[in-house]
Student: 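Have a look at this one before I ask anything.
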Amino acid sequence: MTHEILIIGGDGDLALRKLYPALFALEVADQLIDVGKITGVSRALASREDLLERMLPWLKSQATFSETAWLRFQDRITCLQGDATNPSTLEIFKQNCDETSSVIVYFAIPPKIFGAVCRSLKEAGLAKPSTRLVVEKPLGSSLETFLGVNAEMRNGFSEDQIYRIDHYLGKEPVQNLLALRFANIMFGAVWSNNFIDHIQITVAERVGLEGRKDFYNDIGALRDMVQNHLLQVVCLVAMEPPASRDPFMIRAEKLKVLKCLRPITADNVKKSTVRGQYTEGSVKGEVVPSYNEELNSADKSDTETFVALRAEIDNWRWAGVPFYLRTGKRMQTHKSEILIQFKPPKHVIFGAMHEMSPNQLRIQLQPDEGITLHFLRKQPGLEELTLEEVELNLTVPEARKKYSYDAYARLMVEVLKGDQTLFVSAEEVEASWQWIDQIIEQWQKAGMKVQSYAAGTAGPVDAAVMMAHDDRHWSTLES
Ligand code: BG6
């Protein structure tokens, strides 16, 4: 079956920066064979030429840009000037569509108009069983608002027609987690509270508000990053082995993890959560303003730009293993990683071992992708047996990477295939919001204000104190 792609919000930031470049990368890789037209729709679109001109710089910034692929790609692009919430706009699209094609509709628009666009698709006769809707965060700002948006989408479309993007699931190392865990018996055997001491998931960013001040100030780090990206990573780390690679099986296992997250309560909210906000500081040698200065608002904001959490998963496999999550803006470095910290051997025969770090599996998501396994071995030589720490590098060598695809390109391939494995189910989003909502409620009840941290550092002191309470420490943010 061929597909027609309709991008609503076809000249917006998301479309220009991410969607056209992702589709173009697929053009270069000959992955658009089953795709017919790609149509951008927007009220403000002047002309097709204007759209092509605006997307070109983004496509040219790709390492694999080629003029021949660009000629092919241009042939697919059409544009429609109009309001997608008005069925007559979409009727024009339908008239130009090949009747036998399925339509993939990408919602590159704010969720507040998702419902109106769905109604318009229905009235224009585009709500066929073969139609696929692709949406992404923010999917609400609480459980209640998510249920509202979702109900509007479900009016006319079934769950298996909705592809909810979490772009972290399109990142190569995140996908590699499944291979690492379920294709290697040695990891399967030690993946539990018998052998793992704790897990850390860090997403540190150097950037600040990046022109999204209204959106971000309403939402903060917990809802912007933890509710979706970090919890999805938690799911992949903690889920039980699925019976098969069937999307239904994988999503069902992820959901169980979210349902086992222990609620944060009034008793532990101060010990298990930290809220931070950056003040003026220096990032990569450049002086940057505080969050409040960036906001440029008369009132001081209490929105968190950093959050650290100690999460626990109440099930047989993970009881007693804390999952420490942290994410922040304007931190000292740009680094995202998953650290699996194993326990030391139960019986020690080498005296110096207590000074060395027990086994660690480190999965770096960005800026560079990598997987390393840290362990101890004997130093070579005739001298008395002495241990040394070494890293076993499981990273794919550069020479084997033909081209590193952006998460969006990978996810678009899956939408074209009709495979929902890498997309988030409504039940998962619901369970995530449930957990996040109660943290926000506890913050409000406890009157927990943000702690300051200077831009360019590792976050507020309280984040380190949280770890110190447990006799642990965060992994370094230095590369
Ligand atoms: C987005 C958040 O979902 O993810 C942004 O809204 C954040 O605030 C971004 O900067 C981080 O994505 P990545 O892929 O750069 O880690």
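Start at 1 and go down the list; that is how both ligands and their atoms are numbered. In this text, all values refer to a predicted model and were calculated from it rather than measured experimentally.
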Student: Quick one: side-chain hydrogen bond (donor to acceptor under 3.5 Å, both in side chains) pairs with a partner in residues 206-215, sequence neighbours left out?
Tutor: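 side-chain hydrogen bond (donor to acceptor under 3.5 Å, both in side chains) check on residues 206-215 returns no pairs.
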Student: Report, as yes or no, whether the 6.0 Å neighbourhood of atom CD on E293 holds more than 12 heavy atoms from other residues, nucleotides or ligands.
Tutor: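 More than 12 heavy atoms, drawn from other residues, nucleotides or ligands, come within 6.0 Å of this atom.
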Student: Are any side-chain N or O atoms of W191 and backbone N or O atoms of R181, one a donor and one an acceptor, separated by less than 3.5 Å?
Tutor: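 No, the answer is negative, given that no donor and acceptor are paired below the 3.5 Å cut-off.
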Student: Would you say CD of E427 has more than 12 non-hydrogen atoms from neighbouring residues, nucleotides or ligands within 6.0 angstrom?
Tutor: no
Student: Would you say T131's side chain and L126's backbone share a donor-acceptor pair under 3.5 angstrom?
Tutor: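 Between the backbone of L126 and the side chain of T131 there is a qualifying donor-acceptor contact (under 3.5 Å).
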Student: Taking atom CZ as the centre, does F215 end up with more than 12 heavy-atom neighbours from other residues, nucleotides or ligands that are less than 6.0 angstrom away?
Tutor: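 Yes - once you tally the heavy atoms of other residues, nucleotides and ligands closer than 6.0 Å, there are more than 12.
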Student: Non-hydrogen atoms closer than 4.0 Å to ligand 1: which protein residues do they belong to? List them by chain and number, please.
Tutor: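 Residues near ligand 1: K137, H167, Y168, K171, E205, R212, D224, M225, H229, K329, Q366.
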